[in-house]
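Shown next, in structure tokens, is the structure this report addresses.
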Amino acid sequence: PKQSSTSLRAEVPGSFSQMEADPSIRRRICSPTALAMSMSRFENAPGWPETVAACYDQATKAYGVWPLAIQWASRHGVLGAVEVFSDWHAPMACLRAGVPLVCSIRFSKDQLKGAPLAQTGGHLVLLYGIEDDQVLVKDPAADSASQVERRYNTESFTRAWLNHRGAAYVLGT
């Protein structure tokens, strides 16, 4: 996005921390946790524990199987798609429409200042806005739900997201 005085924000009422889940799964559930936050903006959204359970893939023993996330959302009347972005044009359009994005990020040690993880080879966060030179993110790896709201430098976030794969799932109606 432009470095001028940009301000876009999608309303996302739910904040959940994967670190508040059972210790046996807490480091494996960023995908369903970010999904639950995104879905929290819809009436009759399922709860976070139900979303985590529904996104578990018995065959792979993983919680991050994206088609399961999209299927779970569709069961609750929410359409979704996995998209790959190469620049900020389409993500900005989503945010202007009030649609947050569940973004797949990866970064090396200390490359995303303020993140609860020092580094990651793959993590999902909910991008819900942009203000000036910062992106507004709900990062499920925070220690508690009260700490998931984060502001990351846009340039650093772009390197962590768009410069790697640019993958995200987008949920709307």
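When reading the values below, keep in mind they use all heavy atoms of this one structure, side chains included, and skip hydrogens, waters and symmetry mates.
Clustering ILVMFWY residues whenever any of their side-chain heavy atoms sit less than 4.5 angstrom apart, transitively, puts Val84 in a cluster other than the one holding Val125. Cluster membership check: Val102 does not share its hydrophobic cluster with Met19, using side-chain heavy-atom separations under 4.5 Å among Ile, Leu, Val, Met, Phe, Trp and Tyr.
In this view, His76 and Trp72 satisfy the ring-ring contact (aromatic ring centres under 6.0 Å, His included) rule, not counting sequence neighbours. In this structure Thr120 satisfies the side chain to side chain donor-acceptor pair (under 3.5 Å) test with no other residue, sequence neighbours excluded. With sequence neighbours left out, the salt bridge (charged side-chain N to carboxylate O under 4.0 Å, His left out) criterion links Glu149 to Lys138. For Arg150, there are no salt bridge (charged side-chain N to carboxylate O under 4.0 Å, His left out) partners, not counting sequence neighbours.
Closest approach of Ser40 and Pro13 over heavy atoms only: O-CG, 3.3 Å. Closest non-hydrogen pair, Gln119 versus Ser108, comes out as CB-C, 3.6 Å. Counting all heavy atoms, side chain and backbone alike, Arg165 lies closest to Ser104 at NH2-OG, 2.9 Å. In this structure, Met37 and Gly14 approach most closely via the heavy-atom pair CG-O, 3.5 Å. A pairwise comparison of heavy atoms in Cys55 and Ala69 identifies SG-CA, 3.9 Å as the closest pair. The shortest heavy-atom contact between Cys103 and Leu127 is SG-CB, 3.7 Å.
Atom OG of Ser156 and atom NZ of Lys113 lie 8.0 Å apart (nearest 0.5 Å). Interatomic distance, Met39 CE to Asn44 CG, rounded to the nearest 0.5 Å: 10.5 Å. In this structure, OG in Ser7 is found 7.0 Å from CG in Asp132, a value given to the nearest 0.5 Å.
At a threshold of 4.5 Å between non-hydrogen side-chain atoms, the residues Pro100 and Arg41 count as touching. Taking 4.5 Å as the limit, some side-chain heavy atom of Thr33 sits within range of a side-chain heavy atom of Trp48. Here the side chains of Leu95 and Leu101 are in contact, with some heavy-atom distance below 4.5 Å. Side-chain contact between Leu171 and Leu79: absent, with no pair of heavy atoms (C-beta onward) separated by less than 4.5 Å. Between Gln147 and Pro116, the closest side-chain pair of non-hydrogen atoms is not below 4.5 Å. Using a 4.5 Å heavy-atom cutoff, the side chains of Met92 and Ile130 are in contact. Here the side chains of Asn163 and Phe157 are not in contact, with every heavy-atom distance at 4.5 Å or above.
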Worked check of side chain to side chain contact (heavy atoms under 4.5 Å, CB included) between Ser38 and Val12: CA-CA 6 Å; Ser38 182; Val12 182; 6.0 Å; no
Intermediate values then yes/no, side chain to side chain contact (heavy atoms under 4.5 Å, CB included), Arg151 and Leu136: CA-CA 5 Å; Arg151 291 175 174 265; Leu136 308 178; 3.5 Å; yes
Trace of the side chain to side chain contact (heavy atoms under 4.5 Å, CB included) decision for Leu124 with Trp66: CA-CA 11 Å; Leu124 281 95; Trp66 290 15; 3.5 Å; yes
Derivation and outcome, side chain to side chain contact (heavy atoms under 4.5 Å, CB included), residues Val99 and Val170: CA-CA 7 Å; Val99 177; Val170 183; 3.6 Å; yes
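Under 3.5 Å, the side chains of Ser31 and Tyr169 contain a donor-acceptor pair of N or O atoms.
Listed by first then second residue, pairs satisfying salt bridge (charged side-chain N to carboxylate O under 4.0 Å, His left out) with a partner in residues 9-35 read Arg9-Glu131, not counting sequence neighbours.
Proximity of a side-chain donor or acceptor of Thr154 to a complementary backbone N or O of Asp133 within less than 3.5 Å is detected. Under a 3.5 Å cut-off, the side chain of His123 and the backbone N or O of Ile105 do not form any donor-acceptor pair. Using modelled atom types, one side-chain atom of Asp139 and one backbone atom of Ala141 make a donor-acceptor pair closer than 3.5 Å.
Results of the ring pair (Phe, Tyr, Trp, His ring centres under 6.0 Å) test with Trp161 over Phe107, Tyr152, Trp88 single out Trp88 as the only residue that passes.
Annotation: Lys109, atom NZ; neighbour count of heavy atoms from other residues, nucleotides and ligands within 6.0 Å does not exceed 12.
Counting Ile, Leu, Val, Met, Phe, Trp and Tyr side chains that sit under 4.5 Å apart, directly or through other members, Leu68 shares a hydrophobic cluster with Val65.
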